[in-house]
Amino acid sequence: MFTKKELIQQRMLVEQCRTQSVLNPQHAEKLGQSIASSWERSTQANIPKERDAAPLQDQSAESKSSLMQALEYCKEDLKHIAEQSSMVLAVGDAGSTIIWTASSAQMRNAAERVHFVAGGQWQEELVGTNALALSLKTRQSSCVFSNEHYMASVHDWVCYAAPVIDPHSKQILGVVDLSTTWKNHNSLGLLAVERCASIIQMAIQELQQQSLYLRTFSAPQATLNGKNLMLTPRQIEIMTILALCPQGMSLDHLHQALYGERKVSIGTLKAEMSHLRERLGNALGSRPYQLKIPVEADFLQLEQALDAGYLNTALQCYTGIFLAKTESPFLCTWRDCIESRLSHAIFQAQESDILLKHLAYSPEAIDAVERLMELLPIDHPAKQMLKRYQDG
């Protein structure tokens with residue numbers, strides 16, 4: 001535990017840094033570079049000065065994400081942690097929007113006042129520096145103490161957050177946060193929130209033991225109940241089509257989606273389905289052909305991220321061209337659609353650091369180059385390199 005004197009001194013130091021017109025290196029070092037960088041981004045985001053609560057998003061639609069499904073398994077354990085620690089616990093999605101909370105009596109009213117509730121949008125560009133957004137951006141556990149928060153209405157809080165990572169794909173699915181008043185700041189807070197993230201991740205892993213996971217960007221791979229399947233590229237294509245058509249498909253429609261006008265017999269497809277059933281067992285239904293177990297996939301996660309407007313998450317999912325060698329007309333059309341949607345989102349992006357990171361992993365992304373040329377100031381050191389790339 002910190003002494004009261006130590007906590008007051010920390011608040012005074014933070015306040016001193018906040019009043020500086022320019023954050024000098026010494027103060028940045030004392031605060032931590034991640035907090036200092038977040039302050040700078042928050043200042044540039046033009047957040048309304050009078051904002052004292054996070055914007056609220058309608059949460060009436062039922063979510064079927066693996067994160068929400070995992071919460072059904074472990075929410076009682078998380079509720080117990082929140083109540084016993086006199087904290088409010090929140091789980092946010094990959095874009096910092098809260099999808100579930102549990103609160104102690106001591107923190108309930110304070111949480112409701114600032115919209116630290118389901119539907120609260122805690123993206124950095126909307127409310128400034130906060131632990132949920134910071135943890136997602138850094139992919140690490142984060143603590144935001146008192147007036148390190150951008151929004152004055154949570155200066156009496158201390159928040160600890162940790163990312164929730166898919167055990168399979170290693171993609172960030174969301175974030176978990178534990179918050180209390182600044183006077184209760186404890187060095188064990190980060191350990192506690194990391195434990196909460198671990199509980200959720202174990203629930204996700206348990207769910208994945210009873211599900212199918214498809215990876216289609218970079219090296220295609222399928223996993224059933226936690227075990228890698230030895231499949232041909234054609235079988236991966238069939239499973240991807242069925243994942244995109246959860247209502248199921250007749251043999252004729254599946255043949256058209258897979259082969260189009262190519263002269264491949266129905267008997268060939270029947271043989272493919274027979275071999276695939278040997279691998280999947282009861283997970284593959286017929287009449288219509290249908291995947292009968294929960295399906296998670298990198299391309300579905302990317303699509304969900306785009307639907308929610310979370311470009312950073314979408315770009316993290318995009319690790320290569322979707323089924324680059326497929327000749328399936330259905331899958332080629334879907335690939336073109338995803339590429340178009342992703343490019344449109346890139347041209348709407350406002351954060352240059354997200355695009356620079358994307359370009360480092362996908363140097364062929366000319367749309368990111370063009371958008372960066374629009375976003376970056378003329379004297380930015382990357383500008384000349386990007387111009388040469390564009391001209392080349």
Side-chain angles (χ1 to χ4, degrees), residues 65-66 94-95 136-137 139 163 165-173 204 208 211-224 226-245 257-258 260 291 295-349 351-372 382 385-386 389-390 392:
S65 69
S66 57
L136 287 169
K137 187 169 285 289
R139 296 178 67 95
I165 298 174
D166 188 313
H168 220 54
S169 67
K170 306 306 177 186
Q171 294 292 335
I172 290 183
L173 298 179
I204 293 170
Q208 288 175 343
S211 67
L212 175 69
Y213 184 85
L214 293 172
R215 186 175 67 195
T216 56
F217 300 114
S218 60
Q221 178 66 56
T223 305
L224 178 64
K227 296 180 179 178
N228 287 339
L229 295 172
M230 299 298 292
L231 299 176
T232 66
R234 182 76 69 235
Q235 290 167 340
I236 292 279
E237 289 175 341
I238 291 169
M239 292 171 68
T240 303
I241 292 170
L242 294 179
L244 287 166
C245 302
L258 186 61
L291 295 172
V295 179
E296 283 288 323
D298 54 4
F299 58 89
L300 294 177
Q301 291 170 346
L302 183 146
E303 192 172 45
Q304 290 162 5
L306 288 175
D307 289 344
Y310 301 153
L311 176 60
N312 192 31
T313 303
L315 291 177
Q316 287 173 8
C317 293
Y318 187 80
T319 56
I321 298 172
F322 171 80
L323 294 179
K325 296 182 179 180
T326 187
E327 296 179 0
S328 156
F330 179 90
L331 295 174
C332 287
T333 298
W334 197 88
R335 180 175 61 205
D336 291 344
C337 179
I338 275 292
E339 295 281 350
S340 176
R341 289 192 65 194
L342 195 60
S343 184
H344 176 76
I346 284 172
F347 278 109
Q348 303 302 309
E351 294 187 58
S352 58
D353 59 333
I354 292 176
L355 299 183
L356 286 166
K357 189 185 297 183
H358 174 55
L359 203 56
Y361 289 100
S362 302
E364 75 287 350
I366 190 64
D367 46 8
V369 172
E370 291 177 3
R371 181 57 179 158
L372 281 165
M385 180 269 291
L386 292 170
Y389 187 103
Q390 197 176 35

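Since this is a predicted model, take the numbers as computed values, not measurements. All residue numbers in this chain count up from 1 along the given sequence.
For the pair S66 and L173, the tightest heavy-atom approach, listed with the atom from each and the gap, is OG-CD1, 3.7 Å. Nearest heavy-atom pair across P329 and A257 is CD-O, 3.4 Å. Taking all atoms of both residues into account, the shortest heavy-atom contact from C245 to F330 is SG-CZ, 3.7 Å. Contact between A305 and A314 at its shortest, heavy atoms only, is CB-N, 3.7 Å. Between P220 and L323, the shortest heavy-atom distance links the atoms CG-CD2, 3.9 Å. D353 and K137 make their closest contact through OD2-NZ, 3.8 Å (heavy atoms, listed as atom of the first residue, atom of the second, distance).
When side chains are defined from C-beta on, D298 does not count as touching S169, because their heavy atoms never get closer than 4.5 Å. Between L311 and H358 there is no side-chain heavy-atom pair separated by less than 4.5 Å. The shortest distance between side-chain heavy atoms of Q301 and D166 falls below 4.5 Å. Inter-residue side-chain proximity for L359 and L386 is flagged as met; some heavy-atom pair is nearer than 4.5 Å. Using a 4.5 Å cut-off on side-chain heavy atoms (C-beta onward), T326 and R335 make contact. Considering only heavy atoms from C-beta on, L331 comes within 4.5 Å of L244 through its side chain. Residues T240 and F322 meet the side-chain proximity criterion, which asks for heavy atoms closer than 4.5 Å. Between L315 and I346, some side-chain heavy-atom pair lies under the 4.5 Å cut-off.
In the displayed structure, L356 atom CG is contacted under 6.0 Å by more than 12 heavy atoms of other residues, nucleotides or ligands. Shown here is E339, whose CD atom has more than 12 heavy atoms of other residues, nucleotides or ligands within 6.0 Å.
Note that SG of C317 is 10.5 Å distant from CD1 of I172, once rounded to the nearest 0.5 Å. The line from CD1 of I241 to CD1 of I236 is 12.0 Å long, rounded to the nearest 0.5 Å. Note: R139 CZ to I165 CD1 = 5.5 Å, rounded to the nearest 0.5 Å. Atoms CD1 and CG, from I238 and L258 in turn, are 5.5 Å apart once rounded to the nearest 0.5 Å. L302 CG to Q316 CD: the interatomic distance, rounded to the nearest 0.5 Å, is 11.0 Å. Going from atom CG of N228 over to atom CZ of R215 covers 8.0 Å, rounded to the nearest 0.5 Å.
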(request) Using the side chain to side chain contact (heavy atoms under 4.5 Å, CB included) rule, take T319 and Y361 through it: C-alpha gap first, then chi angles, then the decisive distance, then the call. (result) CA-CA 8 Å; T319 56; Y361 289 100; over 6 Å; no

(request) Step by step, work out the side chain to side chain contact (heavy atoms under 4.5 Å, CB included) result for R341 and D307. (result) CA-CA 10 Å; R341 289 192 65 194; D307 289 344; 2.9 Å; yes

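F217 and F299 have their aromatic ring centers separated by at least 6.0 angstrom.
Between the side chain of R371 and the main chain of A349, a donor-acceptor pair closer than 3.5 Å is present.
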